[in-house]
**Student:** 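Once you've had a glance at the structure underneath, I'll fire off some questions.
Whatever order the structure lists them in is the order used to number ligands and atoms, beginning at 1.
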Amino acid sequence: MPEDCVFCKIVAGEIPATSVYADQHSYAFADTNPQAPTHVLVVPRKHLQDLPDLAGDPAAGAGLLAGIRGVAEQLRLSDFRTVFNTGAGVGQSVFHVHAHVLAGRPMTWPPG
Ligand code: 5GP
Ligand code: ZN
């Protein structure tokens with residue numbers, strides 16, 4: 001695991017987080033700077049940098065999708081938005097791939 005990866009440290013339990021869902025491949029926890037009443041981050045346990053990196057690991061990719069479904073089931077979400085930021089230019093700030101799961105307020109389209 002990269003020494004400085006905050007999400008690897010959360011997966012390892014070295015940084016506390018509010019757990020929402022966990023399984024073999026993925027871990028989900030509340031975002032510390034929520035942008036909606038429900039704002040959960042879903043990450044692969046394995047360190048992968050971004051969505052293209054995740055796509056190169058089919059087990060981790062399928063695992064992350066299952067993790068998103070697990071969050072929706074756990075929180076009984078029927079309507080939710082899922083966002084992957086890829087690259088600093090569109091706002092990726094943590095380079096351990098993560099899905100944002102947002103719910104609980106009206107959402108506009110297109111996203112800003
Ligand atoms: P990005 O900007 O990379 O798409 O999303 C990174 C997200 O991680 C942000 O929404 C930010 O609030 C969240 N975040 C950053 N550091 C931590 C942390 O230590 N704990 C938690 N729970 N969320 C974090
Ligand atoms: Zn990592």
Side-chain angles (χ1 to χ4, degrees):
M1 116 181 178
E3 288 293 307
D4 56 348
C5 178
V6 64
F7 290 172
C8 280
K9 289 179 178 171
I10 286 174
V11 168
E14 294 169 13
I15 292 176
T18 301
S19 176
V20 173
Y21 174 83
D23 66 21
Q24 178 190 354
H25 288 291
S26 70
Y27 186 63
F29 51 94
D31 196 299
T32 47
N33 183 24
Q35 302 303 310
T38 295
H39 187 171
V40 175
L41 301 173
V42 192
V43 306
R45 290 185 179 274
K46 179 178 180 180
H47 181 88
L48 296 162
Q49 176 173 302
D50 56 17
L51 192 63
D53 207 6
L54 181 70
D57 188 326
L64 192 65
L65 290 177
I68 294 169
R69 181 183 62 192
V71 168
E73 289 176 352
Q74 182 70 28
L75 299 180
R76 294 186 165 82
L77 304 176
S78 59
D79 297 57
F80 59 92
R81 181 166 291 177
T82 306
V83 175
F84 289 86
N85 291 321
T86 304
V90 298
Q92 185 174 4
S93 60
V94 178
F95 288 83
H96 179 137
V97 64
H98 49 282
H100 296 257
V101 176
L102 300 143
R105 64 165 170 79
M107 305 268 171
T108 58
W109 191 262

**Student:** Any nitrogen or oxygen of His39 lying under 3.5 Å from a nitrogen or oxygen in ligand 1? Just yes or no.
**Tutor:** no

**Student:** Donor-acceptor check, side chain of Arg105 to backbone of Gln35, threshold 3.5 angstrom: yes or no?
**Tutor:** yes

**Student:** Would you name the heavy atoms of Ala28 and Val40 that are closest together and state the gap between them?
**Tutor:** CB-CG1, 3.9 Å

**Student:** Does any N or O in the side chain of Gln92 come within less than 3.5 Å of the main-chain N or O of Val94, such that one atom is a donor and the other an acceptor?
**Tutor:** yes

**Student:** Measure the distances from the heavy atoms of Val83 to every atom of ligand 1 and state whether one is below 4.0 angstrom.
**Tutor:** no

**Student:** Would Gln35 count as a contact residue for ligand 1, given that I'm defining contact as a non-hydrogen atom of the residue lying under 4.0 Å from a ligand atom?
**Tutor:** no

**Student:** Pick, from Thr32, Val6, Thr18, the option with the minimum heavy-atom distance to atom 24 (C) of ligand 1.
**Tutor:** Thr32

**Student:** Return yes if some donor-acceptor pair links the side-chain N/O of Lys9 with the main-chain N/O of Glu3 below 3.5 Å, else return no.
**Tutor:** yes

**Student:** Using a 4.0 Å cutoff against the non-hydrogen atoms of Asn33, which atoms of ligand 1 qualify?
**Tutor:** 12 (O)

**Student:** I want to check something: taking the side chain as every heavy atom from C-beta on, are Val71 and Ile68 in contact at a cut-off of under 4.5 Å?
**Tutor:** no

**Student:** Tell me, which protein residue and heavy-atom name are nearest atom 15 (C) of ligand 1, and how many Å apart are they?
**Tutor:** Val94 CG2, 4.2 Å

**Student:** Ring centres of His96 and His98 under 6.0 Å apart?
**Tutor:** no

**Student:** Of the protein's non-hydrogen atoms, which lies at the shortest distance from atom 5 (O) of ligand 1, and what is that distance?
**Tutor:** His98 NE2, 3.0 Å

**Student:** For residues Val42 and Leu48: do they belong to one hydrophobic cluster (side chain heavy atoms under 4.5 Å, members Ile, Leu, Val, Met, Phe, Trp, Tyr)?
**Tutor:** yes

**Student:** Which atoms of ligand 1 sit under 4.0 Å from any heavy atom of Asn85?
**Tutor:** 4 (O)

**Student:** Of Phe95, Phe84, Phe29, Phe7, which has the heavy atom at the shortest distance from atom 16 (N) of ligand 1?
**Tutor:** Phe7

**Student:** Check whether Arg45 reaches the backbone of Asp23 with its side chain - one donor and one acceptor, N or O, closer than 3.5 Å.
**Tutor:** yes

**Student:** Do you know which two heavy atoms are closest between Asn85 and His100, and how far apart they sit?
**Tutor:** ND2-NE2, 3.8 Å

**Student:** Please report the closest heavy-atom contact between Tyr27 and Ala17, naming both atoms and the distance.
**Tutor:** OH-O, 4.5 Å

**Student:** Write out the residue and atom name of the closest protein heavy atom to atom 22 (N) of ligand 1, then the distance separating them to 0.1 Å.
**Tutor:** Ala30 O, 2.8 Å

**Student:** Specify which N/O/S atom of His96 comes nearest to the Zn ion (ligand 2), by atom name.
**Tutor:** ND1

**Student:** How far is atom 3 (O) of ligand 1 from its nearest protein heavy atom, and which residue and atom is that?
**Tutor:** Ser93 N, 2.7 Å

**Student:** Among protein heavy atoms, which sits nearest to atom 2 (O) of ligand 1, and what does the distance come to when rounded to 0.1 Å?
**Tutor:** Gly91 O, 2.6 Å

**Student:** Among the N, O or S atoms that His47 has, which is closest to the Zn ion (ligand 2)?
**Tutor:** ND1

**Student:** Look at atom 7 (C) of ligand 1 and say which protein heavy atom is nearest, naming residue and atom and giving the distance to 0.1 Å.
**Tutor:** Asp31 OD2, 3.5 Å

